[in-house]
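Working notes, beginning with the structure itself.
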Amino acid sequence: MANAASGMAVNDECKLKFLELKSKRNYRFIVFKIEKQDVVVEKIGSREETYEDFAASLPADECRYAVFDFDFTTNENCQKSKIFFIAWAPDTSKVRSKMVYASSKDRFKRELDGIQVELQATDPSEMSIDIIKARAL
């Protein structure tokens, strides 16, 4: 269903793959992109892939949305997992693209029920593994 404000529609595959990541833990990450007037799945990372693989899959000069299932150990030595939503909008991307992604973000995020941490990044340093770890705890 298209959003009146941004005109974006969320492809059903986005919701389905996210549910599989959240409940079945089939994937480590999913990268989404806006294509024409739809948010679609661009890349899916298997459970074996690392955070570095995920970061490398984001284009250097184009905006994307992504979810990453981060496994970590708490200070109390408990194994936990948090699902991060990352809005990737590099400084080198086109202004129009940044505006479209920014105006559609909240609507898209609402479709993905179960996001625990949101992060916005304009360059790789803003989503380093240290920042992910710090936000997870």
Given F85 and F108, is the side chain to side chain contact (heavy atoms under 4.5 Å, CB included) satisfied, shown in steps? CA-CA 10 Å; F85 177 87; F108 178 59; 3.8 Å; yes
Given the rule in the side chain to side chain contact (heavy atoms under 4.5 Å, CB included) test, do I30 and Y65 qualify, once you have shown the distances and angles that lead to the verdict? CA-CA 9 Å; I30 307 170; Y65 301 127; over 6 Å; no
Go through the steps for V10 and D38 under the test side chain to side chain contact (heavy atoms under 4.5 Å, CB included), then give the verdict. CA-CA 6 Å; V10 179; D38 272 356; over 6 Å; no
Applying ring-ring contact (aromatic ring centres under 6.0 Å, His included), run through F70 and Y51 and close with a yes or a no. CA-CA 8 Å; F70 181 63; Y51 187 76; 7.1 Å; no
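Connection of V39 to V67 is established within a shared hydrophobic cluster, with ILVMFWY side chains joined at heavy-atom distances below 4.5 Å, either directly or through further cluster members. Hydrophobic clustering, with ILVMFWY side chains joined whenever heavy atoms are under 4.5 angstrom apart, groups I129 together with F29. With hydrophobic clusters built from ILVMFWY side chains whose heavy atoms lie under 4.5 angstrom apart, F68 shares a cluster with I131.
To the nearest 0.5 Å, atoms CD (E49) and CZ (F54) are separated by 11.0 Å. Atoms CD1 and SG, from I34 and C63 in turn, are 8.0 Å apart once rounded to the nearest 0.5 Å. Here I83 contributes atom CD1 and D113 contributes atom CG; the two are 10.0 Å apart, rounded to the nearest 0.5 Å. Put simply, CG on L119 and CZ on R135 are 5.5 Å apart, with the number rounded to the nearest 0.5 Å. Here the CG atom belonging to L112 is positioned 14.0 Å from the NZ atom belonging to K17, to the nearest 0.5 angstrom. Atom CD in E13 sits 9.0 Å away from atom CD in E20 (nearest 0.5 Å).
At distances below 3.5 Å, not a single donor-acceptor pair connects side-chain atoms of Y101 with backbone N or O atoms of E62. A donor-acceptor contact shorter than 3.5 Å is absent between the side chain of K109 and the backbone of S104. The backbone N or O of P59 sits less than 3.5 Å from a side-chain atom of W88, completing a donor-acceptor pair. Side chain of S57 to backbone of V31: no donor-acceptor contact under 3.5 angstrom is found. A donor-acceptor distance shorter than 3.5 angstrom exists from the side chain of K82 to the backbone of A136, with no hydrogens or angles considered. The backbone N or O of N26 sits nowhere less than 3.5 Å from a side-chain atom of R47 that would complete a donor-acceptor pair. Here the side chain of T74 pairs a donor or acceptor atom with the backbone of C78 at under 3.5 angstrom.
Classification of K80 and D71 as a salt-bridged pair fails, no side-chain N sitting under 4.0 Å from a carboxylate O.
Residues K98 and K94 form no side-chain contact, since every pair of their non-hydrogen atoms from C-beta on lies 4.5 Å or further apart. Under the 4.5 Å side-chain criterion, counting only non-hydrogen atoms from C-beta, F32 is not in contact with E42. Put simply, the side chain of L137 reaches to within 4.5 Å of the side chain of F72, judged on heavy atoms.
Donor-acceptor pairing under 3.5 Å is lacking for the side chains of R28 and T50. Judged by distance alone, the side chains of D130 and S128 never bring a donor and an acceptor atom under 3.5 Å apart. When only modelled atom types and interatomic distance are considered, S93 and D61 share no side-chain donor-acceptor pair under 3.5 Å.
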